[in-house]
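Bear in mind the structure is a predicted one, so any value in this text is a computation, not a measurement. Letters A, B, ... are given to chains in the order of the sequence lines, protein chains preceding strands, and every chain is numbered from 1.
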There are 2 protein chains.
Amino acid sequence: MRLIRERADVLPVLTEVFRTHGYEGASLALISQHTGLGKGSLYNFFPGGKEEMAAAVLEGIDGWFHAHVFDPLRSHEDPRRGIEAMFEATDRYFHSGERVCIVGVFALSDVRDRFAARINAYFTAWRDALADALRRSGRDEASAANLAEEVVAGIQGALVAARALDDPGVFRRRIEWMQALI
Amino acid sequence: MRLIRERADVLPVLTEVFRTHGYEGASLALISQHTGLGKGSLYNFFPGGKEEMAAAVLEGIDGWFHAHVFDPLRSHEDPRRGIEAMFEATDRYFHSGERVCIVGVFALSDVRDRFAARINAYFTAWRDALADALRRSGRDEASAANLAEEVVAGIQGALVAARALDDPGVFRRRIEWMQALI
DNA sequence: GTCTATACTTTGATAGAC
DNA sequence: GTCTATCAAAGTATAGAC
């Protein structure tokens with residue numbers, strides 16, 4: 001019995017390394033150290049090397065958010081409950097602002113172009129799913145779209161500010177503020 | 001007559017390279033290429049190497065924001081005009097969302113610890129100067145502090161979202177939304 | 001599948017000629 | 001002050017033994 005038998009087992013560790021160090025900072029040596037796998041094994045799982053690892057990480061994140069955030073936003077009978085669930089999942093996922101958003105970090109760096117499609121898809125899906133829930137909760141199209149954009153951007157800003165000021169309280173207060181907007 | 005005679009002449013180019021490629025992505029080769037200076041010359045200006053270059057860039061940005069944003073926020077006779085000037089300067093500086101904020105990028109990366117003091121000082125100065133203007137414009141202490149935090153974080157979020165969605169319109173709309181909050 | 005060894009490139013930094 | 005040459009270290013990636 002081994003701890004790691006397939007790509008899916010490496011993914012969480014990989015995600016954490018990329019989140020902590022960014023794309024360029026996540027060296028293969030660091031990845032090898034954290035996963036406990038030699039470079040040969042890593043290339044066995046990811047023949048495309050580092051780029052394929054990062055792509056898998058982004059895909060995994062996208063999958064998680066679809067399952068726990070985007071889909072509930074769209075399918076919840078009571079749209080307000082879906083939005084509530086979104087804020088809870090977001091707070092949990094980002095450890096109340098102590099974690100950063102890899103997709104946001106990638107968007108700001110020069111690897112954005114390489115993963116542009118995935119990054120764009122993630123933010124678009126979030127914004128549109130939230131806008132849909134807001135419209136179903138009674139808002140007109142324009143107001144729903146605007147508020148959705150505001151909240152999606154606001155979460156990213158809360159993460160940046162919390163890290164910059166080294167104060168998770170910033171994240172908590174911004175989330176509460178946004179919840180009051182709904 | 002030379003194009004570059006002192007540190008101050010290199011700084012704008014340096015800033016642009018760090019903004020575009022981040023700390024790790026801004027290799028000396030890239031910097032040498034964009035400044036037109038050999039590595040020897042660069043180390044003549046910055047004996048501390050890349051870290052000193054990045055520190056100089058952050059200091060330059062801090063100086064610019066103090067002169068064009070923070071100080072006007074505090075000293076403008078009519079605080080609302082100071083806030084108006086802040087939004088205008090911000091929009092100009094970030095090229096309406098086409099540029100990113102180096103300080104924000106650094107805050108999200110793993111070089112944050114190395115420049116933590118400078119990063120924190122930049123965001124603290126912005127938030128506090130804005131809170132002061134809001135208080136002078138009639139808001140109570142708590143409301144001013146909260147709104148200042150919201151706007152400072154909101155600008156960062158607008159930059160992330162605009163880059164991620166590859167749509168400067170996002171930045172423009174978020175700025176307008178925040179202006180309406182004041 | 002996993003490891004070690006290795007190839008090859010790029011990195012930040014230094015030395016020294018001019 | 002500026003350049004070229006060079007260094008040691010770290011980077012990604014590959015090869016091949018087991």
Side-chain angles (χ1 to χ4, degrees), chain A residues 1-59 102 105-106 109-115 118, chain B residues 1-59 102 105-106 109-115 118:
Chain A
M1 176 172 167
R2 278 190 298 273
L3 287 169
I4 292 180
R5 323 171 63 177
E6 40 181 338
R7 271 173 64 132
D9 299 319
V10 207
L11 208 53
V13 184
L14 225 46
T15 304
E16 199 50 35
V17 176
F18 275 105
R19 192 198 311 283
T20 310
H21 299 94
Y23 184 81
E24 321 231 32
S27 67
L28 291 190
L30 213 55
I31 292 170
S32 176
Q33 175 188 329
H34 278 83
T35 55
L37 289 174
K39 296 181 186 180
S41 303
L42 290 171
Y43 274 89
N44 178 48
F45 287 130
F46 304 93
K50 198 168 150 177
E51 178 155 350
E52 189 178 338
M53 299 182 205
V57 164
L58 288 180
E59 194 181 357
I102 304 187
V105 173
F106 277 22
S109 79
D110 60 347
V111 293
R112 179 192 67 154
D113 295 354
R114 219 187 303 208
F115 303 106
R118 262 174 233 267
Chain B
M1 174 170 165
R2 278 192 299 272
L3 287 170
I4 292 180
R5 323 171 62 176
E6 40 180 339
R7 272 173 63 132
D9 298 320
V10 207
L11 208 53
V13 184
L14 225 45
T15 304
E16 199 51 34
V17 176
F18 275 104
R19 192 198 311 282
T20 309
H21 299 94
Y23 185 81
E24 320 232 33
S27 67
L28 291 189
L30 213 55
I31 293 170
S32 176
Q33 175 188 328
H34 278 84
T35 56
L37 289 174
K39 294 183 187 180
S41 304
L42 289 171
Y43 273 89
N44 178 48
F45 286 130
F46 304 93
K50 197 168 150 178
E51 178 156 350
E52 189 178 338
M53 297 182 207
V57 164
L58 288 180
E59 195 181 357
I102 304 185
V105 173
F106 277 21
S109 80
D110 60 347
V111 295
R112 180 193 67 153
D113 295 354
R114 217 187 305 210
F115 302 106
R118 262 174 235 268

Checklist outcome for this item: In terms of heavy-atom contacts, B/Ser32 and B/Gly38 come closest through OG-CA, 3.9 Å
Side-chain donor-acceptor pairs of residues 48-58 of chain B under 3.5 Å, sequence neighbours excluded:
unit_1, atom_1, unit_2, atom_2, d
B/Lys50, NZ, B/Tyr23, O, 2.9
B/Lys50, NZ, B/Ala26, O, 3.2
B/Glu51, OE1, B/Arg114, NH1, 3.0
B/Glu52, OE1, B/Gly48, N, 2.5
B/Glu52, OE2, B/Arg7, NH1, 2.8

Checklist entry - Donor-acceptor pair, A/Thr15 side chain versus A/Leu11 backbone, under 3.5 Å? => result yes
Item to check | Pairs touching residues 37-47 of chain B that satisfy side-chain hydrogen bond (donor to acceptor under 3.5 Å, both in side chains), sequence neighbours left out | outcome: none
Item to check | nucleotides 11-18 of chain D: protein proximity per nucleotide (B base, S sugar-phosphate only, - neither; heavy atom, under 4.0 Å) | outcome: SBBB----
Item to check | Partners meeting salt bridge (Lys or Arg N to Asp or Glu O under 4.0 Å) with A/Glu16 (sequence neighbours left out) | outcome: A/Arg19, A/Arg99
Rounded to whole angstrom units, what separation is found between the [atom1] atom of [X] and the [atom2] atom of [N]?
X: B/Phe46; N: D/dT2; atom1: CZ; atom2: P; result: 12 Å
X: A/Leu42; N: C/dC3; atom1: CG; atom2: P; result: 9 Å
X: A/Asp9; N: C/dT2; atom1: CG; atom2: P; result: 10 Å
X: B/Ile31; N: C/dA13; atom1: CD1; atom2: C1'; result: 13 Å
X: B/Phe45; N: C/dG12; atom1: CZ; atom2: P; result: 19 Å
X: B/Leu30; N: C/dG12; atom1: CG; atom2: C1'; result: 14 Å

Next on the checklist: With rounding to the nearest 0.5 angstrom, report the CD1 to CZ distance, A/Ile31 to A/Phe46.
Outcome noted: 9.0 Å
Checklist entry - What is the distance from atom CG of B/Leu37 to atom CG of B/Leu14, rounded to the nearest 0.5 Å? => result 10.0 Å
Item to check | C/dC3 OP1/OP2 closer than 4.0 Å to side-chain N/O of A/Ser41 | outcome: yes
Checklist entry - Bend across the helix from C/dG1-D/dC18 to C/dC18-D/dG1, to 10°, with axes taken over 5 pairs at each end? => result 10°
Checklist entry - Can you name the residues that form a side chain to side chain contact (heavy atoms under 4.5 Å, CB included) with A/Asp110, not counting sequence neighbours? => result A/Glu24, B/His21
